[in-house]
Amino acid sequence: MISNELLPINVAGEWRLGGGDVYESLYPATGEPIARLKAASLADVEEAIERAHHAFKTSGWAQKLPHERASVLHRVAALIREQAEDLAQKQRLDNGKPINETRALVASAAGTFQFFAAALETLEDTITPSRGPFVTMSVHEPMGLVAAITPWNSPIASEAQKLAPALAAGNAVVVKPAEVTPLMALELARICEEAGVPLGLVSVLPGKGSVIGDAITKHPLVKRVSFTGGTTTGKHIAHIAADKMMPVSLELGGKSPTMVLEDADLDHAVAGVLYGIFSSSGESCIAGSRLFVARGIYDEFVTRLAEAAKLLRVGDPASERTQMGPLITAKHRESIERYVALGVSEGAHIRTGGVRPHGEGRDNGYFYTPTILEGLTNSARTTQEEIFGPVLVAMPFDSEEKLIEEANDSVYALAAGVWSRDFKRAWRLGRAVQAGTVWVNTYKQFSVSTPFGGWRDSGLGREKGREGIFQYMEQKSMYWGTNEQPLPWSK
Ligand code: NDP
């Protein structure tokens, strides 16, 4: 247990117990509670929003010069780095990811604040080519109060990804973390306060998405929602946004194809495919969960992959040797088990995995073995629906044309992988596959300077990248008259 006390939430700078129900955050590796808190209530939402709106108008944050706001965000990055080990351990307890992964997530969060501080300080508005006796320019203004709604799989990284550009842009932010992983958003709010972000600009309201998230999204003072989560929730938020004429960014689900061509470096491809699907226990929107392998090398490749999957170290997230931790909840593991059973009913053969591992301290946690299914077509439900767990569907392909057709035959289009030594073929396939991100001879690598987002049911809008700040700003065009004469209208 991190603390026996009930954890306070943050209502526009005020740390206090929420007005909602008491609930526990469980350590997925053991099922034991690690924190207890009182969720936010609808009254907390109302109060946080009213007060955050007031703080936006009165704190002077939006009026600070870019380099002044940037220096505070640099301090946030520095504080995250100073407290990195503590944050990584808390993140491990909150969502059960192996410690090496949570350390990387914390480093990524610090890097995100650093990047957006630098981007803010160097961002330029534009003077546009004039078409008359006036100087024309395009400038950007903060929106006011914006909301960040995040899922449970990589909390500190996805929260930083929204908080950093939103604050850089001069806004106040209300964060609604996933109910099951509230800790990192609360830690980030504490760090922002310590770094000098004015009180009231950051709120953290843990609680049920269908109640708290919904109320935040609908609130008239919330001018934008940046959402990461499932496609069904994303579409619900998009409907509300349409009614309010509110911009949203939606980072949603995926069922990403990974394509291994005959000429691929198989050592690299085996390691990359394995990492692409089984790291983070497959609880990753970009997991490479549909594998297409050239028929000529299919048997050899899948044999090597299955052997390597059996050797993955599944277990204690506190150990630096662990490669796969538990799944997030018992309920989520059951959903994955139902998908594997569905796969079998659709004709799948379980090449490896498909069971709960036992012993070595894993009996009370929500562990599941890395699983490879064969014998399914691309149109099977198991191949088409997002499982969000360590389940790979492997399929052979015969021609490049058919490969592209099948890779693109999905409601999702978030990411894709191509493994080939032939750069011309890799280029052709990389351009032909429909996806927000394509990795060639690598997978699941990220850089905050490179935009990220999905097509189709995988989402709307982009996060990251220098331009990411503009997502949290309204654009304004200004015309400065330079004519010595009045407009001809008065003649
Ligand atoms: P959900 O959509 O269920 O939840 C995401 C967040 O939305 C949570 O904070 C949740 O709260 C909240 N929420 C739920 N219902 C509503 C509502 N009606 N209004 C407002 N907010 C709501 O997704 P999961 O938590 O199950 O996360 C997994 C999903 O996230 C997967 O589909 C995955 O692909 C996607 N994802 C996408 C990423 C991307 O960048 N494209 C990255 C990571 C994940 P609560 O916790 O109470 O349910």
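Atoms within a ligand are numbered from 1 in the order they appear, just like the ligands themselves.
- Listed by number with element, the atoms of ligand 1 under 4.0 angstrom from any heavy atom of D214 are 19 (N), 20 (C).
- Among all protein heavy atoms, the one lying closest to atom 41 (N) of ligand 1 is L252 O, 2.6 Å.
- In this structure, K255 does not pair ionically with E385, as no charged nitrogen and carboxylate oxygen lie closer than 4.0 Å.
- Contact annotation: for E386 versus ligand 1, heavy atoms closer than 4.0 Å belong to the side chain alone.
- Counting only heavy atoms of the protein, atom 38 (C) of ligand 1 lies nearest to C285 SG, 2.9 Å.
- Under 4.0 angstrom from ligand 1, the non-hydrogen atoms of I149 all belong to its side chain.
- Checked by atom type and distance alone, the side chain of E101 pairs as donor or acceptor with a backbone atom of S280 at under 3.5 Å.
- In terms of protein heavy atoms, atom 35 (C) of ligand 1 is closest to G229 O, 3.0 Å.
- Interface of N153 with ligand 1, defined as ligand atoms under 4.0 Å from a residue heavy atom, comprises 43 (C), 44 (C).
- Between W15 and the choices I9, L7, L186, the side-chain contact (heavy atoms from CB on, under 4.5 Å) rule is met once, by L186.
- Within the listing of ligand 1, atoms 47 (O) sit less than 4.0 angstrom from a heavy atom of K208.
- In this model, a donor atom of one side chain and an acceptor atom of the other lie less than 3.5 Å apart for E346 and T382.
- R51 and E14 are joined by a salt bridge, as a carboxylate oxygen and a charged side-chain nitrogen come within less than 4.0 angstrom of each other.
- Residue contact annotation: G459 has no non-hydrogen atom under 4.0 Å from ligand 1.
- In this structure, atom 18 (N) of ligand 1 lies nearest to the protein heavy atom H236 CD2, 3.4 Å.
- Taking 4.0 Å as the cut-off, G207 counts as a neighbour of ligand 1 on heavy-atom distance.
- At least one heavy atom of P177 sits closer than 4.0 Å to an atom of ligand 1.
- Counting only N and O atoms by type, the side chains of R92 and Q89 include a donor and acceptor under 3.5 Å apart.
- Those atoms of ligand 1 with a heavy atom of F388 less than 4.0 angstrom away are 28 (C), 31 (C), 33 (C), 34 (O), 44 (C).
- Using a 4.0 Å cut-off between charged side-chain N and carboxylate O, E474 and K223 make no salt bridge.
- Shortest contact from atom 23 (O) of ligand 1 to any protein heavy atom: G230 N, 3.2 Å.
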Pair S226-K162, side chain to side chain donor-acceptor pair (under 3.5 Å): steps then yes or no:
CA-CA 7 Å; S226 175; K162 299 180 190 314; 3.1 Å; yes
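- The nearest protein heavy atom to atom 4 (O) of ligand 1 is not closer than 4.0 Å.
- Judged purely by atom type and a 3.5 angstrom limit, E24 has no side-chain atom pairing as donor or acceptor with the backbone of P33.
- For atom 10 (C) of ligand 1, the closest non-hydrogen atom of the protein is K176 NZ, 3.8 Å.
- The part of L414 lying near ligand 1 is the side chain, judged by heavy-atom distances below 4.0 Å.
- When each atom of ligand 1 is checked for a heavy atom of W152 under 4.0 Å away, the hits are 24 (P), 25 (O), 26 (O), 27 (O).
- Salt bridge present: D86 and K90 bring a charged side-chain N and a carboxylate O closer than 4.0 Å.
- Residue S210 approaches ligand 1 through these ligand atoms, each under 4.0 Å from one of its heavy atoms: 15 (N), 16 (C), 18 (N).
- Counting only distance, with no hydrogens or angles, the side chain of N364 and the backbone of G31 share no donor-acceptor pair below 3.5 Å.
- Ranked by closest heavy atom to atom 6 (C) of ligand 1, the top entry among T150, T233, I387 is T150.
- The nearest heavy-atom contact from the protein to atom 13 (N) of ligand 1 is G209 CA, 3.4 Å.
- Here the closest heavy-atom approach between residue A308 and residue V270 is recorded as CB-CG1, 4.2 Å.
- When P151, G253, A39 are checked for heavy-atom proximity to atom 27 (O) of ligand 1, P151 turns out nearest.
- Side-chain atoms of Q384 and R290 form no donor-acceptor pair, as typed in the model, at a separation below 3.5 Å.
- Protein heavy atom nearest atom 20 (C) of ligand 1, with residue, atom name and distance: G213 C, 3.3 Å.
- Using a cut-off of 4.0 Å between Lys/Arg side-chain N and Asp/Glu carboxylate O, E251 and K464 are scored as not salt-bridged.
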